[in-house]
Number of protein chains: 2
Amino acid sequence: MILQPLSESTEMYLKAMVELGGREVVAVGRLAERLSVTSVSANEMMRRLGEQGLVSHTPYKGVTLTQMGREAACNVLRRQRLWECFLYAHLKIEWPQVYELACDLEHATAPAVTEALAAFLGQPSHCPYGDPIPAADGEFEPLLGISLSVVGVGGHARILAVRATDTDVLKYLYERGLVPACEVQVVEAAPLQGPLTLRVNGKEVALGLALAEFVIVEIIPAS
Amino acid sequence: MILQPLSESTEMYLKAMVELGGREVVAVGRLAERLSVTSVSANEMMRRLGEQGLVSHTPYKGVTLTQMGREAACNVLRRQRLWECFLYAHLKIEWPQVYELACDLEHATAPAVTEALAAFLGQPSHCPYGDPIPAADGEFEPLLGISLSVVGVGGHARILAVRATDTDVLKYLYERGLVPACEVQVVEAAPLQGPLTLRVNGKEVALGLALAEFVIVEIIPAS
DNA sequence: TAATATCATAAGGTTTGCCTATTAATTAAT
DNA sequence: ATTAATTAATAGGCAAACCTTATGATATTA
């Protein structure tokens, strides 16, 4: 499938769709929320993407990526995450800033550069935030993990990935040691959707539930 | 001087100005020609850049970069040429394609990335096309060389830089060995602005005068 | 089934950058 | 010096890509 060049904005919508819903239906409102635009703007874009055959839109139900849309979206993710690897491992850019800076570069990256970069990096499988890098053909293994927000009190878990994109949010998590491979224990969960209290690297850390949603973990069975 | 983010198009105009005129006045028509737009478009952009204090425009005379404009332009050149180094030396992108691909990336490059890239590359002084890379503060030594088109018949010269930007033109030169550090001898100059005949790596090569303009050389004195 | 929340569409605005056609200034040539 | 030819600038307009507010349609749930 040959993909015509897409606008930066289009690529952001596609990326948000695959990050938010994968192969599932996504509510247009969620998309608008994530991209910080009005739902009108998101709707309009969905109409355009529908005309281009990238998404399928069932009014009042939501949108899904078509095969073509999914390929395009995975291609964007591949570029993004390869740049993240480069910025982090070679340019020594601070972890919280990597996402945003890679995002700028991703839209300006020709296929030849993408593949040369992948080769240079040694075909990495995961980005610095723990998410898998789609292959050149567009497919990838979704991470099998659960959100930290659903781990029960007393549970031990290892962070697999951090799904935040905002630099300030990433900075907040970074300062508390909440990065991939880190192990955490849920000490307490405050009632009424209150914050979690975690034990991280020997220190107690409070983390709002909304933030905990972004943190993908695997349970470490009690030995 | 703090530079607000400039549009891609704006950066292209600034880059063309510094490449075409340096500190000198540039005719708006030349600029339009170089960027493949009508002179109306170039005029309009000059008005906008004038309002932003980046250029000084004397109607019917031409435009020059202000100090601020020159800094912005040199900053663009720095990003462009650093990416050229990276693409060529590390990603092994073919020499003729490097310019165009670097050009895409240059507009998406934040200052932090520029400086981290420069450090990664070991603060290179020249790009793969032979031109100097401006320092972080914006200044650089202009290359002291002459155009191959003004070297007399019989003259020996060493190529210092190639000023072409079009991938096809670069490919043409590359296929004939006309790259920086290469030594050439002018065997013959056809009359009426006809092509030069050159001796390059033991082979005779014909080169149109227009193309020879792009090739910057230093004379090798007859020993 | 009525109320509420969510979603979709209508109509319109802004920005950016491009164009054709016209007018004005400059330069070169008689 | 005056005119012809060249080059530059302005007027007016178009299109693409996004955004907005206001309004109408559908779903959900009490």
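Just the heavy atoms: all of them, side chains too, but no hydrogens, waters or symmetry mates, feed the values below. Throughout, protein chains are lettered first and strands after them, A, B, ... in sequence-line order, and every chain is numbered starting at 1.
- Separating the CZ atom of B:R48 from the C1' atom of C:dG17 is a distance of 6 Å, rounded to the nearest angstrom.
- Here C:dA8 is the nucleotide among C:dT26, C:dG17, C:dA8 with the atom lying nearest to any side-chain atom of A:Y60.
- Separating the CE atom of A:M46 from the C1' atom of D:dA17 is a distance of 14 Å, rounded to the nearest angstrom.
- Between the C1' atom of D:dA8 and the CD atom of B:E33 lies a distance of 14 Å, rounded to the nearest Å.
- Between B:H90 and A:F120, the angle of the ring planes goes over 60°, which puts this pair in the perpendicular group of the 30/60° scheme.
- Taking side-chain N and O atoms only, B:H57 has a distance below 4.0 Å to OP1 or OP2 of D:dA9.
- Checking D:dC18, C:dT27, D:dA11 against the side-chain heavy atoms of B:V40 singles out D:dA11 as nearest.
- Here the P atom of nucleotide D:dA9 and the CG atom of B:L49 are 14 Å apart, to the nearest Å.
- Side-chain N/O atoms of A:S41 include one lying less than 4.0 angstrom from OP1 or OP2 on D:dC19.
- For D:dA8, the OP1/OP2 oxygens have no side-chain nitrogen or oxygen of B:S39 closer than 4.0 Å.
- Checked for salt-bridge contact, B:R23 and B:E139 meet the test: a charged N lies under 4.0 Å from a carboxylate O.
- Taking every side-chain heavy atom of B:V28 into account, D:dA9 is the closest of D:dC19, D:dA9, D:dA22.
- Salt bridge status for B:R78 with B:E115: present, with a side-chain N to carboxylate O gap under 4.0 Å.
- Taking atom CD on A:E51 and atom C1' on D:dA16, their separation rounds to 13 Å, with Å as the unit.
- The CE-P distance, from B:M45 to D:dA8, rounds to 18 Å in whole Å.
- Take the nearest nucleotide of DNA chain D for A:L35 and for A:P59: the residue whose nucleotide is more 5' is A:L35.
- You'll find that the side chain of B:A27 is closest to D:dA8, out of D:dT26, C:dC18, D:dA8.
- Listed for the B:Y129 side chain is a donor-acceptor partner under 3.5 Å among the backbone atoms of B:Y99.
- Summarising the geometry, the separation between CE on B:M12 and C1' on C:dT16 is reported as 16 Å, rounded to the nearest angstrom.
- Distances shown here put a side-chain N or O of A:N43 below 4.0 Å from the OP1 or OP2 atom of C:dA8.
- Spacing between atom CG of B:L31 and atom C1' of C:dC18 amounts to 15 Å, rounded to whole angstrom units.
- Toward the 5′ end of DNA chain C lies the nearest nucleotide of A:R47, the other residue of the pair A:R47 and A:E44 mapping further downstream.
- In terms of phosphate contacts, B:T38 brings no side-chain nitrogen or oxygen within less than 4.0 Å of OP1 or OP2 of C:dC18.
- No side-chain donor-acceptor contact under 3.5 Å links B:S39 to the backbone of B:A32.
- Checking D:dA9, C:dC18, D:dA25 against the side-chain heavy atoms of B:S9 singles out C:dC18 as nearest.
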